[in-house]
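Here's the structure we're looking at; comments come further down.
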2 protein chains.
Amino acid sequence: MSEAANRRQATFVSAEEVARLAGVSRSAVSRAFTPGASISVETRQRVEAAAAQLGYHVNHLARGLMRHESGIVCLVVADIHTPYLSRLLDYLSRALQEAGKAVMVLNAGRATKNVEAALRQTLNYRADATIVLSGTPYRSIARQCLESGQRLILINRDDHFEQTVGISVDHAKAAQTAAMLIRRGGYRRPALVSSGIGTPSLNARRDHFLEALRMADLTAQVWEGGPTAYQSGFQAGTELMTLPEPPDAVFAVTDLLACGVMDAVRQRFNKRVPDDIGVIGFDDIDQASWSSYDLTTFSQPVEAITAYTVRMVEQKSAEIQASSRTFEAPLIWRSSLRATLP
Amino acid sequence: MSEAANRRQATFVSAEEVARLAGVSRSAVSRAFTPGASISVETRQRVEAAAAQLGYHVNHLARGLMRHESGIVCLVVADIHTPYLSRLLDYLSRALQEAGKAVMVLNAGRATKNVEAALRQTLNYRADATIVLSGTPYRSIARQCLESGQRLILINRDDHFEQTVGISVDHAKAAQTAAMLIRRGGYRRPALVSSGIGTPSLNARRDHFLEALRMADLTAQVWEGGPTAYQSGFQAGTELMTLPEPPDAVFAVTDLLACGVMDAVRQRFNKRVPDDIGVIGFDDIDQASWSSYDLTTFSQPVEAITAYTVRMVEQKSAEIQASSRTFEAPLIWRSSLRATLP
DNA sequence: CTTCGATTTGCACGCGTGTGCAAGAATGCT
DNA sequence: AGCATTCTTGCACACGCGTGCAAATCGAAG
């Protein structure tokens, strides 16, 4: 079987050649690989045999050209190496594949310029849908995506667009829960830790947390700075503990930050969690369940987000509509926060 | 500018329309977007203006069809959510983008069946190159990739293929260094911890470590089981410490395993690292530098691997040759291992 | 003004596929 | 057997682009 394939060198085999070998027309070959097409079982088998023998694979570039549907879904993302985003990417890519889509990843750093380039590539490859996990697209290019008939899905980007599917998490409820738990734990001097990157999601968690505290006549220290990473949390913990009135509880808007805070507090200041200081995070990354941290946090509803995203990608383009869906982030109770008043 | 675009609905604009608006032939449009093509500055400007006005973007599907070069590079990968692989993916995708390639991610779980499906997709989209980060491709499909003129690059897959570019890490040297450091630290009862997944890389680290110890007349406990994850390490640590003669040093073939071991040893058995037990890992994931662990480990040469991979992707297909390149994983000295005899 | 070379332009073809249309084959029914 | 109906099949066109080739344009030298 390999002799025929070996003779040809460094080139793909076309439907034409398969047709010749099978003794049918090229249309028959095309139909053999198109589900639901009208073709007899006998010719289909002959085509498949010939295709297998020659090592034929339908050219999706040409198919996409004809069908006006490339089968490609673009994922615009930054900070892939981050625990939460890499998990989301894992789920999304797998689910999209199972739905028959090919996943193109556009790594778009922080700069808006890169996001623009990514959106352009999305258009170049005629992607069926574009999913933006981070970075805010220019309105002009976003509109081009929509006008070209692409579905545009924004995950965790609370800034709203027209004609766009928005998927988000109920930050308000989580933040209020965090504030409530801190009060119930008997903590008196809460603090909020966030990064200097003003992501809409992070800002929402911060604002709702502070607001909920204010309702209960409490004010919180606010520390914001650096990237959304462990090191920023470590620095936050260090600086907060050297204040004249150090906090006794911290809501970190991200688990990575929370881990940093915990390490600083325990190792640089010998404080105990949750007795001396309570910590609560957000995302439920793998490390939150590691026994060094055992962090009380809110779980990103990754499965729900993924399932809903795939549904939105699959629906016919005629019925795309602006929509906005919010999922709840359930509390994961662990040991980094005292449950009741001391 | 948007009126024209608004009138059309849900469809892409073609070079034809741009040509009409600019008052030139379609060839001119094509040449305007082809670097190095023969075209006067004046017409180029008129084309670019018209293109911008209509929101034209070259169709890379059609271009790929013509050029026999899709500009797509496929990354076959599993366990994306893992710290090491997500970092590698981050670097690779960014570097490939900068080289003008579009990155298609094929999330191929563990099953070989999925890897086969991934390779098939690679062929369907006529990818210029395929990079396999995990999973072993069937020889038959791998051969088809090569016969079709694709470059096939295997990273950290020590199983060798003909006509393939292999990129790997010097596991032997690292493992020998680990053994040496453990001896020099005055540890007497070393152990090796690995997962139950017999990846070539992991096996190589294990075998060279044991071999190096044997040269020094030492034998090691070997614990292998579970996936390559924190929990497996935690379990390993727990079980090793309940042995009649528990080890006093552990080489974990992965940082994730090492973190698990450290947590088990410290929190379940109140042992101190590195005094009671020395730990050394591999990969230098982010968590290794977290102050809870401060893990001595070997750094995956991600930058070097990335740069070399891009070089291999870019070279003309005429000169693809089987080759095999190995990079060193430098030791990152931290505090989880005693430096000198006690 | 003529001639020649260099540059630019348009025409037409090909890349590999899907699909409407009409013709042909097969089947069922009277 | 004759006719109606359903299935198959092949032809031809379209998808959007790159590019060789020849015609056209331009500038400069004679």
Side-chain angles (χ1 to χ4, degrees), chain A residues 8 10-48 50-51 54-72 102 123-128 148-149, chain B residues 8 10-48 50-51 54-72 102 123-128 148-149:
Chain A
R8 243 178 312 89
T11 181
F12 283 90
V13 26
S14 72
E16 180 76 40
E17 311 177 40
V18 177
R20 205 154 34 218
L21 177 60
V24 297
S25 78
R26 199 186 50 69
S27 321
V29 178
S30 180
R31 286 191 245 265
F33 289 96
T34 303
S38 164
I39 188 175
S40 71
V41 273
E42 190 208 6
T43 42
R44 151 164 284 139
Q45 284 174 353
R46 281 173 56 188
V47 168
E48 283 174 349
L54 292 179
Y56 170 72
H57 296 262
V58 179
N59 186 332
H60 277 41
L61 302 180
R63 168 179 279 183
L65 204 53
M66 271 302 304
R67 288 202 183 152
H68 292 282
E69 197 180 278
S70 62
I72 296 176
L123 291 169
N124 279 332
Y125 280 98
R126 302 300 193 255
D128 299 340
S148 307
Chain B
R8 244 177 313 87
T11 181
F12 283 89
V13 25
S14 71
E16 179 75 42
E17 311 176 40
V18 176
R20 206 153 35 216
L21 177 61
V24 297
S25 78
R26 200 186 49 68
S27 321
V29 179
S30 180
R31 287 191 244 266
F33 290 96
T34 304
S38 164
I39 188 174
S40 71
V41 273
E42 190 208 5
T43 42
R44 149 165 285 141
Q45 284 173 353
R46 282 173 56 189
V47 168
E48 283 174 350
L54 294 179
Y56 169 73
H57 296 262
V58 180
N59 187 332
H60 277 41
L61 302 180
R63 169 178 278 184
L65 206 53
M66 271 301 303
R67 288 199 182 155
H68 291 284
E69 196 180 279
S70 62
I72 296 176
L123 292 169
N124 279 332
Y125 281 97
R126 302 301 193 255
D128 298 341
S148 307

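For the residue pair A/Ala32 and A/Val47, the shortest heavy atom distance occurs at CB-CG1, 3.5 Å. What you find for A/Val13 and A/Gly55 is that their closest heavy atoms are CG1-O, 3.3 Å. Closest of all the heavy-atom pairs between B/Phe33 and B/Ala51 is CZ-CB, 3.8 Å. In terms of heavy atoms, A/Tyr56 sits closest to A/Ser14 at CE1-C, 3.6 Å.
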Distances under 3.5 Å between protein N/O atoms and the N/O atoms of nucleotides 23-26 of chain C, please, pair by pair.
none

Sub-3.5 Å pairs of nitrogen or oxygen atoms, protein against nucleotides 14-18 of chain D:
| unit_1 | atom_1 | unit_2 | atom_2 | d |
| --- | --- | --- | --- | --- |
| D/dC17 | OP1 | B/Tyr56 | OH | 2.7 |
| D/dC17 | OP1 | B/Asn59 | N | 3.3 |
| D/dC17 | OP2 | B/Ala15 | N | 2.5 |
| D/dC17 | N4 | B/Arg26 | NH2 | 3.4 |
| D/dG18 | OP1 | B/Arg63 | NE | 2.8 |
| D/dG18 | OP1 | B/Arg63 | NH2 | 3.0 |
| D/dG18 | OP2 | B/Ser30 | OG | 2.3 |
| D/dG18 | O5' | B/Ser30 | OG | 3.4 |
| D/dG18 | O6 | B/Arg26 | NH2 | 2.7 |

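No donor-acceptor pair closer than 3.5 Å links the side chain of A/Ser70 to the backbone N or O of A/Gly64. With A/Arg26 contributing its side chain and A/Ala15 its backbone, the two residues share no donor-acceptor pair below 3.5 Å. With hydrogens and angles disregarded, no donor-acceptor distance shorter than 3.5 Å links the side chain of B/Arg31 to the backbone of B/Ile39. Judged purely by atom type and a 3.5 angstrom limit, A/Asp128 has no side-chain atom pairing as donor or acceptor with the backbone of A/Glu69.
The side chain of A/Ser38 contributes no N or O atom lying less than 4.0 Å from OP1 or OP2 of D/dT9.
Rotation axes derived from the C1' atoms of the five outermost pairs at either end of the helix from C/dC1-D/dG30 to C/dT30-D/dA1 lie 40° apart, to the nearest 10°.
Per the geometry, CD belonging to B/Glu69 stands 15 Å off C1' belonging to D/dT19, to the nearest Å.
In summary, the side chains of B/Ser30 and B/Ser27 do not present any donor paired with an acceptor at a separation below 3.5 Å, with no hydrogens or angles considered.
Distance CD/A/Gln45 to OG/A/Ser40: 9.0 Å, rounded to 0.5 Å.
Side-chain proximity of A/Ser25 to D/dG10, D/dT8, C/dG10: nearest is D/dG10.
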